S.K.: 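Below you'll find the structure I mean.
Remember, predicted model here, so these are calculated numbers, not experimental data.
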Amino acid sequence: MAATGDDAAAMDSISRAPAAQLAALNAAAASSSQAKAPEDVAEIPAVVPKKTSTNSDGGVETAEEAVEPAEPDINELCADMFEKMAVVLQGELTGTSEDYRLLENMNKLTSLKYMEMKDISINISRNLQDLNNKYASLQPYLDQINQIEEQVSSLEQGAYKLDAYSKKLEARFKKLEKR
C-alpha cells in the first residue's frame, strides 16, 4: 500500500532529515578533529541519534547507523595511492602504446620490403620471358648448327677413312714398286 498526500510528505521529510543531520555532524566532527590528535579521532565515533518515526502503515521505525569519519591520514594515503597507481597505469599504457608504435613501424618497413621484392620478382620474370623469347627465336639457328656439326663429324669420319685407305694404297704401291 503506497502512501499518499500527507503521509507521503511525512515519509519524505523523514528520509531527508537524517541525511542533513549526518552532514552537519560530519562537518562538526571534521572541524573538531583538526584540533585533536589523530588517535583521539579514532576513539570517538560520530554518532547519529536514532530517529524513530511512525506513520500510518503500522509504525515502521527507521534508523541511521553510527558513521565514523575517515581519518585524515587514510585520506592522504588513499590520495597518494591513487596518484601512484595513476603513474603506474600511465607507464603501462605508455609502454604498450610504444610497443604498438614499434609494431606499426615494423609492419610498414616489412610492407616496403615486400613491395621491393615484388618489383624485383616482376623484373626477373619479365627478363626471363625476354630470354625465353630470344631463345625461341634462336632455336632454328641452333638446330642448323647441330645439323652442321653432325655433317662435319660425318665428313671427319670419311676423311679419316680416306686417309687410312690412301695409306694402304701407298703401302701397296711401294710394295709393287720394289718388285
Side-chain angles (χ1 to χ4, degrees), residues 1-55 57-58 60-142:
M1 173 170 152
T4 58
D6 293 329
D7 293 336
M11 286 174 46
D12 190 40
S13 67
I14 290 172
S15 66
R16 288 188 186 150
Q21 287 178 352
L22 179 62
L25 283 174
N26 282 341
S31 64
S32 68
S33 70
Q34 292 174 353
K36 297 181 182 181
E39 299 86 25
D40 295 338
V41 173
E43 295 173 4
I44 305 172
V47 178
V48 176
K50 203 181 232 187
K51 176 136 180 141
T52 358
S53 66
T54 55
N55 61 12
D57 287 342
V60 176
E61 287 187 17
T62 59
E64 295 292 325
E65 290 185 23
V67 177
E68 227 177 274
E71 294 182 21
D73 290 339
I74 291 176
N75 288 337
E76 290 173 14
L77 291 173
C78 286
D80 186 44
M81 179 195 66
F82 283 123
E83 288 174 10
K84 289 180 180 176
M85 284 300 294
V87 169
V88 167
L89 291 174
Q90 186 66 32
E92 289 284 329
L93 291 175
T94 302
T96 303
S97 175
E98 288 175 0
D99 287 345
Y100 281 124
R101 271 192 229 118
L102 176 64
L103 281 173
E104 183 180 4
N105 289 338
M106 288 172 61
N107 284 340
K108 286 178 182 177
L109 286 174
T110 304
S111 175
L112 289 174
K113 287 290 184 185
Y114 278 120
M115 290 185 81
E116 287 175 9
M117 290 191 319
K118 177 186 167 195
D119 291 341
I120 290 171
S121 66
I122 287 172
N123 287 336
I124 289 172
S125 174
R126 192 176 309 129
N127 290 338
L128 182 63
Q129 190 174 10
D130 289 344
L131 284 174
N132 284 337
N133 290 337
K134 287 178 183 177
Y135 180 77
S137 67
L138 290 176
Q139 188 63 41
Y141 300 113
L142 294 174

S.K.: Would the number of heavy atoms belonging to other residues, nucleotides or ligands and lying under 6.0 Å from CE of M115 be above 12?
M.R.: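 No - once you tally the heavy atoms of other residues, nucleotides and ligands closer than 6.0 Å, there are 12 at most.
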S.K.: Which heavy atom in P140 sits nearest to a heavy atom in S137, and how many Å separate them?
M.R.: CD-O, 3.5 Å
S.K.: State whether the number of non-hydrogen atoms from other residues, nucleotides or ligands found under 6.0 Å of M85 atom CE is greater than 12.
M.R.: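 Result for CE/M85: open.
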S.K.: Could you tell me whether the side chain of I74 reaches within less than 4.5 Å of the side chain of C78, counting heavy atoms only?
M.R.: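 With C-beta onward as the side chain, the pair touches.
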S.K.: Using atom types as modelled and distance alone, determine if a side-chain donor or acceptor of S125 lies under 3.5 Å from a backbone N or O of S121.
M.R.: no
S.K.: With side-chain contact (heavy atoms from CB on, under 4.5 Å) as the criterion, how do L93 and S97 come out once you've worked through the C-alpha distance, each side chain's angles and the decisive distance to 0.1 Å?
M.R.: CA-CA 6 Å; L93 291 175; S97 175; over 6 Å; no
S.K.: If you measure from CG on N132 to NZ on K134, what distance do you get to the nearest 0.5 Å?
M.R.: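 Rounded to the nearest 0.5 Å, the CG-NZ separation comes out at 11.5 Å.
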S.K.: Are D80 and K84 within salt-bridge range, i.e. N to O under 4.0 Å?
M.R.: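 Yes.
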S.K.: Can you tell me how far apart OG1 (T94) and CG (L89) are? Round to the nearest 0.5 Å.
M.R.: 10.5 Å
S.K.: Taking atom CG of L112 and atom CE of M117, what is their separation to the nearest 0.5 Å?
M.R.: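 The CE atom of M117 is 11.5 Å from CG of L112, to the nearest 0.5 Å.
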S.K.: Just verifying a value: how many Å separate L128 CG and N133 CG, rounded to the nearest 0.5 Å?
M.R.: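 If I round to the nearest 0.5 Å, the distance is 9.5 Å.
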S.K.: Just checking, any donor-acceptor pair under 3.5 angstrom between side chains of Y135 and Q139?
M.R.: yes
S.K.: Just how far is it from atom OG1 of T110 to atom NZ of K108, taken to the nearest 0.5 Å?
M.R.: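 So the gap between those two atoms works out to 12.0 Å.
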S.K.: Once rounded to the nearest 0.5 Å, what's the spacing between atom CD of E104 and atom CG of L109?
M.R.: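 If I round to the nearest 0.5 Å, the distance is 11.0 Å.
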